[in-house]
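These numbers come from the heavy atoms of this one structure, side chains and all, not from hydrogens, waters or symmetry mates. Computed from a prediction, not measured in an experiment: that's the story for all the values here. In what follows, every chain begins at residue 1, and chains take the letters A, B, ... in the order their sequences are listed.
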Number of protein chains: 2
Amino acid sequence: MCGLNAFKQVEEYLVAKRRSVTIKEVAELAGVSQMTVSRVLNRAETVRQETRTRVQSAIQELNYRPNLMARHLAGGRTRLTGLLHDGAHSSELSELIVCALQSCRDSGQQLILEQIGPVEPMSPDMIDEAVSAIAAAGLDGLIVPPHLANQSRLIDRLSELPLTLVVLGGTRADERFARISHHDRAGGFELTSLLVRNGHKRIGFVADQSEGESEQDRLAGYRDALMHHNIPFEDKLIATAEVSLRGGVDAGRALIGHSDRPTAIIGATDKLAAGVVSAAHLEGLKVPFDLSVVGFGDTEAAGAVWPQLTTIRRPLSRMVELAVDYLAKSGFPDDVDGAELVTPQHLNINTIDLIERDSVAASG
Amino acid sequence: MCGLNAFKQVEEYLVAKRRSVTIKEVAELAGVSQMTVSRVLNRAETVRQETRTRVQSAIQELNYRPNLMARHLAGGRTRLTGLLHDGAHSSELSELIVCALQSCRDSGQQLILEQIGPVEPMSPDMIDEAVSAIAAAGLDGLIVPPHLANQSRLIDRLSELPLTLVVLGGTRADERFARISHHDRAGGFELTSLLVRNGHKRIGFVADQSEGESEQDRLAGYRDALMHHNIPFEDKLIATAEVSLRGGVDAGRALIGHSDRPTAIIGATDKLAAGVVSAAHLEGLKVPFDLSVVGFGDTEAAGAVWPQLTTIRRPLSRMVELAVDYLAKSGFPDDVDGAELVTPQHLNINTIDLIERDSVAASG
DNA sequence: CTGAAAGCGCTTACAG
DNA sequence: CTGAAAGCGCTTACAG
């Protein structure tokens, strides 16, 4: 009841004044100075817990949002956090941005989208130009999404900038930047084991020819699983392809083509797997009855083919959230749920999120 | 070399940032007050020509750029602009957000994402709750994306809030809010005509059962085109489906099933069309040789099936940009390129962007 | 036609 | 751990 009344009052007040809630009002409601509210907003550790809590409830009750303009003007150093993207719109990019926006707001950072591309492959000149633009933006931190984590020249250049770099995805720790990885190798193991449990012994794999660390790790996980289940590894069950639908179709046809064809195929990405499904259709095979197909990523591609793909979801939201947090606090916390701190600069998320849909059936 | 250059640029930038030219310096150089400089900047007619000229040369000499942050801060409150979304990540959402973020920054607005859903269908309670949350956010404006434009209860509730509402997509002008529509009917006409030009006479249409205005308009365009080309309209060539891959598959099978089957099928959305492609595969028909298929939207679904779909791209970036602009200026400009001002509150974009891919072949 | 003052909403720098 | 003051760069509202 009380909450409802306060709610109503705030609303009426806002309508009447036609302006938004300011730090002053929050301070008044919490019974502290503006300074203290500002400290809470900026994550200063010097505020007593009790005071902090009081301020936070005031913020919530009034639905206060700091005015970015004022912040920028006063501070001269609102932290600008960049999120790099390549201009290709996708469900992954929307997940990344939505979550980054939310996390940045929570931690008082301002999100700036920085675009590179979308030309593929990226030329050295293009990279240098983009990096110059990023340098000129005066960012405090920059987040590189999984999709661009393999661009070594780009990462090299970005590492030289006077900003904190966080790379999502990939595998190895690198002291030039912070990395948040997820357990691709275990994912590959899991997906392969699922197929083995369904009786499959001849399992094909469509690998990414660009040899990104993540994609290579998925393949390594596949080999781990074969070994674990005493199934011999065969070169001819591996095909490489450019990550595109066409690449998946071609690689799928190649794998299906020969006489001793696989009964199941893993795509290193959903897009490749979607291509494999189409290849199966073209060759007259029913999925999943004649051929099981699984992918990686839980992207839109996984839900756009029939049957919809069993796949492994990447914890993108979690990763950006952790990245923004890292930038806010200049380091990872010691204890992150479901994640392991490999080095102070390298956090690995080790939960696996298997999404089972309709593209797997028992063999034979 | 390049790295060194990047460093140098940053250094220069930082120095520049610390002492960026302000209105005060311009005023001093021109020998006037800040106020006069401000008047010149804001095109006030009350400045004497001679003074104006002096100020302008000072501006040029110092290469002065007004600080947008300060401008917006002083000029009034910064406007909070909401973008509604349903939590379902997609390429469309990423396009919407990327563009909204950019436009808001340009016009000094602050973008707030407001989520409703993602439960489907949305219950009245859920809608009311979401609308309350939106009310409490104290937004000045709210943009409703095409995907949610059909939710009449939601729109009704939002119309009652003390904020400026802009609905993207849909068809009819409504005085309770501003609308930016695109030419769905002409799009339906165009797509149908493309098929007719390819010799198709029996053209199926998978309609959206939810009867959204846009989707209905596409069907109307289809009928227009048939009439224009003297092809009789047949009820049995129309199927309705829930907008999902499964819906498309089922509707596709129904249309393909009967003896006198269509040689081409239009999906009211790409997702439905993707389902139709899968249905064709399941029934042993080759796309596009046995069946041509086209969709609407140029979404990820259009690129995730094989063959990739010919479709019509919606001008989403353009629409959000215009929406943000409308909110900034409280109205549409008189002359927008490629668009028509139906009423002062209703702008219709009449360009059609046909994306031809590989899902259409000549009939017979 | 022009200017001095107040203030937008926030932060930095200092003081307790 | 918390607060009072000054000021970021500009505009509005008032005064000449």
Looking only at side-chain N and O atoms, does [Y] offer a donor or acceptor that is under 3.5 Å from a partner on [X]?
X        : Y        : result
A:Glu25  : A:Thr22  : yes
A:Arg65  : A:Asn63  : yes
B:Glu321 : B:Ser103 : no
B:Gln56  : B:Thr53  : no

Query raised in the report: Okay, side chain of A:Gln345, backbone of A:Glu175: is any donor-acceptor separation there less than 3.5 Å?
Result: yes
Query raised in the report: Is the backbone N or O of B:Ser90 less than 3.5 Å from a side-chain atom of A:Ser94, with the two atoms forming a donor-acceptor pair by type?
Result: yes
Separation of atom [atom1] in [X] from atom [atom2] in [N], rounded to whole Å:
X        : N     : atom1 : atom2 : value
B:Gln110 : C:dG9 : CD    : C1'   : 12 Å
A:Asn67  : D:dG9 : CG    : P     : 16 Å
B:Leu73  : D:dG7 : CG    : P     : 17 Å
A:Tyr64  : C:dG9 : OH    : P     : 10 Å
A:Glu25  : C:dG9 : CD    : P     : 8 Å
A:Arg52  : D:dT2 : CZ    : C1'   : 13 Å

At less than 4.0 Å, is any side-chain N or O atom of [X] found next to OP1 or OP2 of [N]? Yes or no.
X       : N     : result
B:Thr36 : C:dG3 : yes
B:Thr51 : C:dT2 : yes
B:Ser33 : C:dG3 : yes

Query raised in the report: So what does A:Thr46 hit on the nucleic acid, given a heavy-atom distance under 4.0 Å: a base, only sugar-phosphate, or nothing?
Result: base
Query raised in the report: Thinking salt bridges, do A:Asp128 and A:Arg157 make one under a 4.0 Å N-O criterion?
Result: yes
Requested in this report: Scan every strand shown for a Watson-Crick or G-U wobble partner of D:dG16, both distances under 3.5 Å, and answer none if you come up empty.
Outcome: C:dC1
Query raised in the report: Which parts of nucleotides 11-16 of chain D does protein reach within less than 4.0 Å, heavy atoms only, written one letter per nucleotide 5' to 3' as B for base, S for sugar-phosphate only and - for none?
Result: SBB---
